[in-house]
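Input: a single structure, listed below in structure tokens.
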Amino acid sequence: MSDPLTVVTHPLVQHKLSLMRAKDTSTASFRRLLREITLLLAYEITREMPLTTQGVETPMEEMDAPILAGKKLALVSILRAGNGMLDGVLELIPSARVGFVGLYRDEATLKPVQYYFKVPEGLNDRMVIVVDPMLATGNSTVAAVDLLKQAGATDIRFLCLLAAPEGVARMQEAHPDVPIVTAALDRELNEKGYILPGLGDAGDRMFGTK
Ligand code: URA
């Protein structure tokens, strides 16, 4: 992708996002909307996947028809909220391999610490799409991308639902080669690192833990 940041302004994405922001939206609706929006965002993030052609016989005649060039895909969820975006991408690309990165924040250093890392083999051959709904401070995204690069990934994209300017700046400084696709770029972070106007804690809202 050429653009470092893509905000998907499609009316369906924007409408569904507004429903998700509303504080009275139920857990079930929030989950469904996240899956639906993710599918639409995944359409955008895969826009430049390489194509080749293959001979196909239609009922009418033979043709060289476009098919994906076979670049393998790995989808990597940043736990736990990233898991809410897996189904949306997998609906579009069912054959994608899936990895997980678990990070927690060390309360003394405020730095992300890895507690889980399991990714598909051959990351260097794959387009890697990292998913996490909220790009807030950017600390966990930067740390996850650091780990994926250490594991060999070279073609990485980041897919989120909402981004804060602080997180985008942090990613662009640490990983300028990783394009970001999001449904909205919000105003700012509050003092606790939550996005404003945002939608609250995405993990709590999708899993009903609050
Ligand atoms: N994580 C969330 O779930 N929400 C925010 O606003 C920021 C980080």
Side-chain angles (χ1 to χ4, degrees), residues 5-8 13-42 45 75-89 100-117 129-148 156-175 178 180-210:
L5 176 70
T6 303
V7 178
V8 180
V13 170
Q14 294 304 313
H15 176 81
K16 289 174 192 293
L17 176 58
S18 299
L19 297 178
M20 293 183 77
R21 289 186 191 272
K23 65 178 195 295
D24 294 331
T25 295
S26 70
T27 300
S29 298
F30 190 92
R31 260 204 297 261
R32 176 181 49 78
L33 289 162
L34 181 57
R35 180 175 49 75
E36 292 169 358
I37 290 190
T38 305
L39 191 148
L40 297 166
L41 297 176
I45 210 167
L75 189 56
V76 176
S77 162
I78 303 181
L79 298 173
R80 69 178 164 152
N83 284 12
M85 297 179 77
L86 288 179
D87 286 349
V89 186
F100 298 90
V101 179
L103 300 161
Y104 71 88
R105 194 164 76 143
D106 182 309
E107 290 306 331
T109 64
L110 300 184
K111 296 237 165 76
V113 180
Q114 170 194 334
Y115 66 86
Y116 191 74
F117 187 75
I129 300 179
V130 182
V131 292
D132 191 354
M134 310 299 269
L135 177 59
T137 62
N139 289 339
S140 53
T141 315
V142 166
V145 172
D146 283 341
L147 291 167
L148 291 166
I156 306 177
R157 288 133 211 254
F158 180 63
L159 187 58
C160 61
L161 180 66
L162 278 189
E166 294 88 335
V168 171
R170 175 107 171 77
M171 270 297 281
Q172 283 175 347
E173 188 188 300
H175 296 296
V178 175
I180 300 166
V181 172
T182 185
L185 180 61
D186 271 11
R187 193 177 69 243
E188 60 183 347
L189 295 180
N190 72 6
E191 65 293 344
K192 291 189 173 154
Y194 279 85
I195 297 176
L196 298 177
L199 49 73
D201 188 300
D204 282 341
R205 294 201 61 192
M206 78 181 71
F207 296 120
T209 39
K210 217 166 205 177

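In this text the structure is predicted, and so the values were computed from the model without any measurement. Order of appearance sets the numbers: ligands from 1, and atoms from 1 within every ligand.
- Using a 3.5 Å distance cut-off with no hydrogens or angles, the side chains of Arg205 and Ser29 do not pair a donor with an acceptor.
- Ion pair Arg21/Asp186 flagged as a salt bridge, since at least one NZ, NE, NH1 or NH2 atom sits closer than 4.0 Å to an Asp/Glu carboxylate oxygen.
- Looking at Arg32 and Asp87, no side-chain N of the basic residue comes within less than 4.0 Å of a carboxylate O on the acidic one, giving no salt bridge.
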Starting from the N and O atoms of ligand 1, collect every protein N/O partner closer than 3.5 Å and put each pair on its own line with the distance to 0.1 Å.
unit_1: ligand 1; atom_1: 3 (O); unit_2: Ala202; atom_2: N; d: 2.8
unit_1: ligand 1; atom_1: 4 (N); unit_2: Gly200; atom_2: O; d: 2.8
unit_1: ligand 1; atom_1: 6 (O); unit_2: Ile195; atom_2: N; d: 2.7

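- A donor-acceptor pair under 3.5 Å is formed between the side chain of Arg31 and the backbone N or O of Met206.
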Kindly indicate, with the supporting measurements, whether the criterion side-chain contact (heavy atoms from CB on, under 4.5 Å) is fulfilled by Leu103 and Leu147.
CA-CA 11 Å; Leu103 300 161; Leu147 291 167; 4.1 Å; yes
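- Nearest approach of Ala163 to Thr182, heavy atoms of both residues: N-OG1, 3.6 Å.
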